[in-house]
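Below: one structure, written as structure tokens.
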Amino acid sequence: MMKQVKLSIPTEWSDITIGTYQKYVDIQLGKGSEKKKIVDSLALLCGTTTAIVKKMNYKDLIEIMDILKKMIDSEPNKEQFRKTFVFKDDEYGFCPNLSAITTGEYIDLEAYCKDDPIKNLHVIMSILYRKITFSRGDRYAIEEYNPEEFKEELFKDCPMDIALSSLGFFLTLGLTLAKSSANYLEAQELKQQKA
């Protein structure tokens, strides 16, 4: 008879980190049979070994995979976007004024979002969120962007719910700004044609 093992099964995006999710995506995109991917994914997401997963009762494995599938298929809640959060004993803030980001921030964000946003998610988060240096009420200032400080590795431990909600906010904002820019340019073109 197999001994009982207690698993920690993530049910919400806040239960897994960016680093864990990146490894999960690597497993899904990697080589190997679907069965191997299921065993490896379950072991990763539940913080156990493949040896333990292989000894599990098949009925339990199916139940756990259903729970994990519901979590992974769930949409992140854009309303849960957090401008600030405490992480590893420091308070971090989302870039307070995206229209005033530096050229370096913009170039790096664009490059990391285009290349492979999942693989680069921790880097993107380190650009969008930085330590708060000053706050008063709802307003705050964050430390300057310095790509030489290599803070991106720290964000591999950041909870996925923060990453997904901020990216949802960031991408929605980007689409809105792109539409506004296109409308503005179109209006300018019409003006020039009439002149």
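When reading the values below, keep in mind they use all heavy atoms of this one structure, side chains included, and skip hydrogens, waters and symmetry mates.
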Closest approach of [X] and [Y], non-hydrogen atoms and distance?
X	Y	value
Met65	Leu42	SD-CD1, 3.5 Å
Ile124	Cys113	CD1-SG, 3.8 Å
Pro96	Ile142	CD-CD1, 3.7 Å

Could you grab the distance from atom [atom1] of [X] to atom [atom2] of [Y], nearest 0.5 Å is fine?
X	Y	atom1	atom2	answer
Thr20	Lys156	OG1	NZ	10.5 Å
Glu153	Ser126	CD	OG	9.5 Å
Leu29	Lys119	CG	NZ	12.0 Å
Lys151	Leu154	NZ	CG	8.5 Å
Leu68	Asp15	CG	CG	10.0 Å
Cys46	Lys6	SG	NZ	13.5 Å

Does [X] use its side chain to pair, donor to acceptor, with the backbone of [Y] at less than 3.5 Å?
X	Y	value
Lys37	Gln28	yes
Trp13	Ser74	yes
Asn120	Asp116	yes
Gln22	Ile118	yes

Counting only heavy atoms from other residues, nucleotides and ligands, does the tally under 6.0 Å from [atom1] of [X] exceed 12?
X	atom1	answer
Asp89	CG	no
Lys23	NZ	no
Asp138	CG	no

Should [X] and [Y] count as an ion pair when the cut-off is N to O under 4.0 Å?
X	Y	value
Glu105	Arg130	yes
Arg82	Asp161	yes
Asp40	Lys36	yes

| request: For residues Tyr112 and Pro117, determine if any side-chain heavy atom of one lies less than 4.5 Å from a side-chain heavy atom of the other. | output: no
| said: Could you tell me if the side chain of Lys83 sits less than 4.5 Å from the side chain of Tyr140, heavy atoms only? | reply: yes
Determine, using the 4.5 Å side-chain heavy-atom cutoff (strictly less than), whether [X] and [Y] are members of one ILVMFWY cluster.
X	Y	value
Leu128	Ile107	no
Ile67	Val53	yes
Val86	Met125	no
Phe134	Ile132	no

| message | If we count only N and O atoms by modelled type, under 3.5 Å, do the side chains of Tyr145 and Asp108 hold a donor and an acceptor together? | response | yes
| field | Close aromatic pair by centroid cut-off 6.0 Å: Phe85 and Phe94 | value | no
| query | Would Phe155 and Tyr92 count as a close aromatic pair, with their ring centres under 6.0 Å? | reply | yes
| said: Determine whether Thr133 and Glu144 satisfy the following criterion, side-chain contact (heavy atoms from CB on, under 4.5 Å), listing intermediate values before the conclusion. | reply: CA-CA 9 Å; Thr133 57; Glu144 286 188 27; over 6 Å; no
| task | Check each of Ile27, Thr49, Thr50 against Val39 using the side chain to side chain contact (heavy atoms under 4.5 Å, CB included) test, and report the only one that passes. | result | Thr50
| request: Give the C-alpha distance, both sets of side-chain angles, the deciding distance and a yes or no for side-chain contact (heavy atoms from CB on, under 4.5 Å) between Leu61 and Ile38. | output: CA-CA 9 Å; Leu61 181 125; Ile38 288 171; 4.2 Å; yes
| said: Please determine whether side-chain contact (heavy atoms from CB on, under 4.5 Å) holds for the pair Met160 and Ile18, giving the CA-CA distance in whole Å, both sets of side-chain angles, and the decisive distance to 0.1 Å. | reply: CA-CA 5 Å; Met160 270 303 288; Ile18 289 173; 3.8 Å; yes
| Stepwise side-chain contact (heavy atoms from CB on, under 4.5 Å) check, Leu44 with Ser41 | CA-CA 5 Å; Leu44 171 72; Ser41 296; 5.8 Å; no
